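Report on the following structure.
FYI, side chains are in, hydrogens and waters are out, and symmetry mates aren't considered; it's all heavy atoms of this structure. Keep in mind it's a predicted model, so treat the numbers as computed, not measured. Chain letters run A, B, ... following the sequence lines, proteins first, then strands; residues in each count from 1.
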Number of protein chains: 2
Amino acid sequence: MAQPKRQRTSRHEIYVTLRQMVLTLQLPPGAALSENELAASMGVSRTPVRESLILLAQEGLVQVFPQIGSFVSRVDPAQVSDAQFLREAVELAALDDLPPDLDAAVLKDLRDNLERQQREGLGIEEFFELDEAFHQGLMRLSGHANAWTTVAAAKGHLDRARRLGLYENASPAVFADQHREIFDAVVGGDVSLARTAMRTHLRAVFSDIERIRAHSPELFATDPSAVPVRRNVVVWE
Amino acid sequence: MAQPKRQRTSRHEIYVTLRQMVLTLQLPPGAALSENELAASMGVSRTPVRESLILLAQEGLVQVFPQIGSFVSRVDPAQVSDAQFLREAVELAALDDLPPDLDAAVLKDLRDNLERQQREGLGIEEFFELDEAFHQGLMRLSGHANAWTTVAAAKGHLDRARRLGLYENASPAVFADQHREIFDAVVGGDVSLARTAMRTHLRAVFSDIERIRAHSPELFATDPSAVPVRRNVVVWE
DNA sequence: CGGCCAGGGCTTGTATACAAGCACCTGTCG
DNA sequence: CGACAGGTGCTTGTATACAAGCCCTGGCCG
């Protein structure tokens, strides 16, 4: 954001890596994260690892219990719901702020993005990348690209729940169609239709969370203040 | 947020203190923050101070330039605008989610809050506290209290700009009346009126920012990536 | 007199050492 | 056999030492 671009410190590298591993469920919710282990396996000292964990803890992706351990936080349905509300509020408000003349370059990116979404054999992670870029592109159209970064930072729990949903039934095609629908409404200047399509789209995954929770309850938190059981997980290959 | 409540580590204490000093402009934008100095004056080592600065940097309240120094970030008009958009989107969306039966306890808190806002001789910081509690209370009414914490974390730049505005003309009475107006509309069940009043209220301070910027340009950032000039500031009494 | 260069003092980044405390495991005793 | 107590190994929190680099300043040289 306002950070200087020279972020090639090892802390930043570790932070980005760990964050990605948590969001992609490569580090599953509940996994134990030992500062010493991580430092050893990554060939650095505890300091940058520890500082990364503190940042992740502030984002709610990691929980640190002094003298007990650090753990990948379980998906908290309450936080998923909060992020859903936040995201919906922001994205719908952005649609209301669309200017009369849409940025042609952004529109082209969005069109390319949509085209790629409908390709066959699209991997889940690839789809997620495109999905994220699509929604960010819509925010750019209304000049609120920066506000999106705040939303993106807050929706870690939501994204993990979404991934769980996709890994369960793996049908990104439906979402791709919904994206197309939103995009067409935006280009057509029909804000009301765009809002309706966006709301429908954003709530599609959200409605599935309870089903996923019944299927994999161990990934979800029951009491967020409870101390997890230590359970080692192989990290960093 | 989802952190365990046992937060009596010195890091947390320092973090809260520094954050408050930045938000209240007690640490003015552009001030130099030396890890060594802070640690010495607070009687601890660099470690907890440094970790606090890293957290504040992630919030955008502090900028850390490796091998150069750490500085209280100048108020970034772009970030102020982003926070304004985010806040407006969320608070208006919350009004749409108000349940038919409003929580009586929260309503009582809000009434007490409004009554206190209209007392004579109210200090600026006291008003800010009440203002923050009032808006949080409205979010609680719609069951989105937790989403408010995310907004609160993102609106550091906005709050500093608001404080600048209040210290300039010091007229919280107008805002207190607007709060009352919003509250009455909410209690009366007129969501449309509540939305209008809320929008008017939220944009009141925002429109003043340019005036403040002309008055105190040194507190605002021109190029957010520029390295500030070192300028020592007495800290911690 | 002006420009260049080296050195010292500061900065943050990283590594390491020590402190405090929880949890489990084991040996002992009832 | 069961329960309890103590040790041991782990955890994170804090303190300190070292590394790398920027900036300014003072001295030297053209």
### Task
Could you please name the option among C:dT14, C:dA17, D:dC23 that lies closest to any side-chain atom of B:Ile68?
D:dC23

### Task
Starting at atom CD of A:Glu13, determine the distance to atom P of C:dT14, rounded to an integer number of angstrom.
10 Å

### Query
Which of parallel (below 30°), tilted (30 to 60°) and perpendicular (above 60°) describes B:Phe85 and A:His144?
parallel

#### Entry: Residue A:Arg50, side-chain atoms from C-beta onward, closest of C:dA15, C:dG13, D:dT12
D:dT12

### Query
Short question: side chain of A:Ser41, backbone of A:Leu38 - any donor-acceptor pair under 3.5 Å?
yes

### Message
Taking 4.0 Å as the cut-off, does a side-chain nitrogen or oxygen of A:Thr47 come that near to OP1 or OP2 on C:dT14?
### Response
no

### Nearest-nucleotide pick for B:Thr9, side chain only, options being D:dT11, C:dA15, D:dT14
D:dT14

### Task
For C:dT16, take OP1 and OP2 only and decide whether either is under 4.0 Å from a side-chain N or O of A:Ser45.
no

### Message
What is the separation between atom CE on B:Met42 and atom C1' on D:dT14, rounded to the nearest whole Å?
### Response
14 Å

### Message
If you apply the rule salt bridge (Lys or Arg N to Asp or Glu O under 4.0 Å), what do you find for A:Arg50 with B:Glu51, and how did you get there?
### Response
CA-CA 9 Å; A:Arg50 171 180 173 76; B:Glu51 290 171 350; 2.7 Å; yes

## Note on the structure
Against the side chain of A:Pro66, the closest entry in D:dT11, D:dT12, C:dG13 is D:dT12

#### Entry: Per B:Glu51 side chain, nearest of listed nucleotides D:dT14, D:dT12, C:dA15
D:dT14

### Message
The side chain of B:Gln67 is closest to which nucleotide in this list: D:dC22, D:dT12, C:dT14?
### Response
D:dC22

### Task
Would you please confirm or rule out a distance under 4.0 Å between OP1 or OP2 of D:dC10 and any side-chain N or O of A:Asn36?
no

### Message
Judged by each residue's nearest nucleotide on DNA chain C, which is more toward the 5′ side, A:Arg11 or A:Arg46?
### Response
A:Arg11

### Task
Tell whether B:Arg8 reaches the base of D:dG13 with its side chain through a donor-acceptor pair below 3.5 angstrom.
no

### Query
Just how far, in rounded Å, is P of D:dT11 from CD of A:Glu37?
6 Å

#### Entry: Closest listed nucleotide, where the reference is the side chain of B:Glu35 and the choices are D:dT11, D:dT14, C:dT12
C:dT12

### Query
Any idea which of C:dT11, C:dT12, D:dT14 is nearest the B:Pro48 side chain?
D:dT14

### Task
May I ask you to test the A:Arg160-A:Val72 pair for a side-chain heavy-atom distance under 4.5 Å?
yes

#### Entry: Integer-rounded Å distance: C:dT11 P and B:Leu33 CG
11 Å

### Query
Within a strict 4.5 Å, meaning less than it, do heavy atoms of the B:Val90 and B:Met139 side chains meet?
yes

### Query
Distance check: side-chain N/O of B:Ser10 vs OP1/OP2 of D:dT14, anything under 4.0 Å?
yes

### Message
Measure CG/B:Leu38 against P/C:dT11 and give the value in whole Å, please.
### Response
10 Å

